[in-house]
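Residue numbering restarts at 1 for every chain, and letters A, B, ... go by the order of the sequence lines.
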Amino acid sequence: MMQLNCPWCGVRDEPEFVCGGTAQIARPGVACGDQEWGEYLFFRENPKGLHRERWRHTYGCGQWFNLVRNTITHEIIAVYGMQERPP
Amino acid sequence: MSGRRLPAPSGTRLDRTREIRFTFNNRAYSGFHGDTLASALLANGVQLVGRSVKLHRPRGIYSCGVEEPTGLVDVGSGSRRTPNVRASLLEIHPGLVATSVNCWPSVGFDVAAINNWFSAILPAGFYYKTFKWPNWHVYEPSIRRLAGFGRASTEPDPDRYEEIAISADVLVIGAGVTGVAAAVGAARGGAEVLLLGGSSHLGGRLGYQGDAPTAALIKEAQQLGIRILTRTLAFGVYDHNLVCARQVIDGVISQDSPGMLRERLWKIRARAVIAATGAFERPMVFPDNDRPGVMLAGAVEKYAHAYGVACGSRVVIAANSDQAYQVAATLRGLGVEVLAIADRRPDTLIAAEAPQGTQRFSDAMVSGVSGHRAVRGCSIATSQSETKATHFDCDLILSAGGFAPAVHFHSQAGGKLRWLDQSAMFVPDGAAGELYSVGACAGVFELDAALSHAAAVGTALGRRSAVPAAPIPVQTA
């Protein structure tokens, strides 16, 4: 069980959070084709290593935030806000 | 029927003034306060305690700790029946009822032992659905009945179990002497320390041998305000240094009122973890080495020191390490006859001397074991004289195969291992995140080196400074 550092509440155990998948995916324009739109909706990277992802402190403050996690060691490299650029 | 109780001062964990009566396989036995079921049975001369899972071969107590593979029993009755408890971990209490698992009608006469006659056509990985003529479902009920070990209770459990989640600054797993040294070091370095010990006592091997410096170290740990949990066996380390441990509640074990607290699950989140889990003995391989009466050498030594039990009276040791000679000397000192040591190594590699009256065979191994439900004798063959083996009438065969560091926590935490050629073992390669191994589980078997390394690791973690590496050779061969 991991420990995540909520920017508002501090360090809490993983069951309080819900993972929202890959963070900050650029949405294609309205004029894009079906292929591109489908990839935007359904296709995700599954990296072995650093991964940017969204988390929500559902059973706490309810706020969303982003973090960078190493998917091998589960080391949390950085926690940053929804509107901030990844470090 | 060869085990017996040794006089004091052997049996440092026993309180011989408090006799405890218990039942095993519907027969009454007695032991002392402090005995485990395994030690009490061995002291009563009970060797046959169970049956193997498939061929129903007779099995006895093999070890003296968490590694026990064969001494499994069902404990309690009715709604409190607990299956497959390791006899080597279960402390006896008045009114304890234990039964052998995996045998019918009794462990001595087991109908399914007939399987052993067909062992040649029931190899490992045998596919039972081969029984398909005329229909698998004809055979299924009887084959299913043979599967599995103990029987669980079908009634609801009347007792209470609780769960505690806490955080710790420095957590030490293992309360052997290195674990205590690491805890003391960390406390001195300014950390808040939690120490987990699997058994009821601290100090491990040196503790039950009555070693004075160890007793002083334990006293210091208590004075420093280290939080100590005994009978608390850590069973896993998870992400971000979460350690889970199971505590068996002392004192209430013997009560019968429903709703009592039996066990507690600890979920401990630690800044840093020190693993001081020691090492497991490696078993020697020879024909019929699963007979009741074949045991680990270190376990037999522990039964003698801590529980005052001589597991046999005429001993042969199968060895490939110098540990055998030290165990032989200990057993001799306690009045147990050690007939022979069969050392796998050639003469030139053996540094230790066999004690007086013990025959030493070099470049030799146990080539056969006689006796079915208990060891009656064994033969030793040397590689020079394969044809004429020497026979010994013995009732106990010890296996002194050296040690393997208990690196499980290190590995579970994601740490890598490396091979040490000099000592022929895998040791942790550095730390696993914030989990540091000390003592025998880090491959450090020299007592002074282990103690000073453990204390240094503890102090460094307390002071949040750089943690020193284990004092073992860095170069792999």
Carefully, step by step, assess A:Met1 and B:Asp239 under the rule side-chain contact (heavy atoms from CB on, under 4.5 Å).
CA-CA 5 Å; A:Met1 182 169 60; B:Asp239 295 327; 5.8 Å; no

Run the side-chain contact (heavy atoms from CB on, under 4.5 Å) test on A:Ile76 and B:His240 for me, step by step, so that the C-alpha distance in whole Å, both residues' side-chain angles and the decisive distance to 0.1 Å come before the verdict.
CA-CA 10 Å; A:Ile76 311 291; B:His240 298 178; 3.7 Å; yes

Is it true that, when you exclude A:Tyr59 itself, more than 12 heavy atoms of the residues, nucleotides or ligands shown sit nearer than 6.0 Å to its OH?
no

Near B:Glu192 CD, under 6.0 Å, is it more than 12 heavy atoms from other residues, nucleotides or ligands?
no

Any ion pair linking B:Lys267 and A:Asp13 (charged N to carboxylate O, less than 4.0 Å)?
no

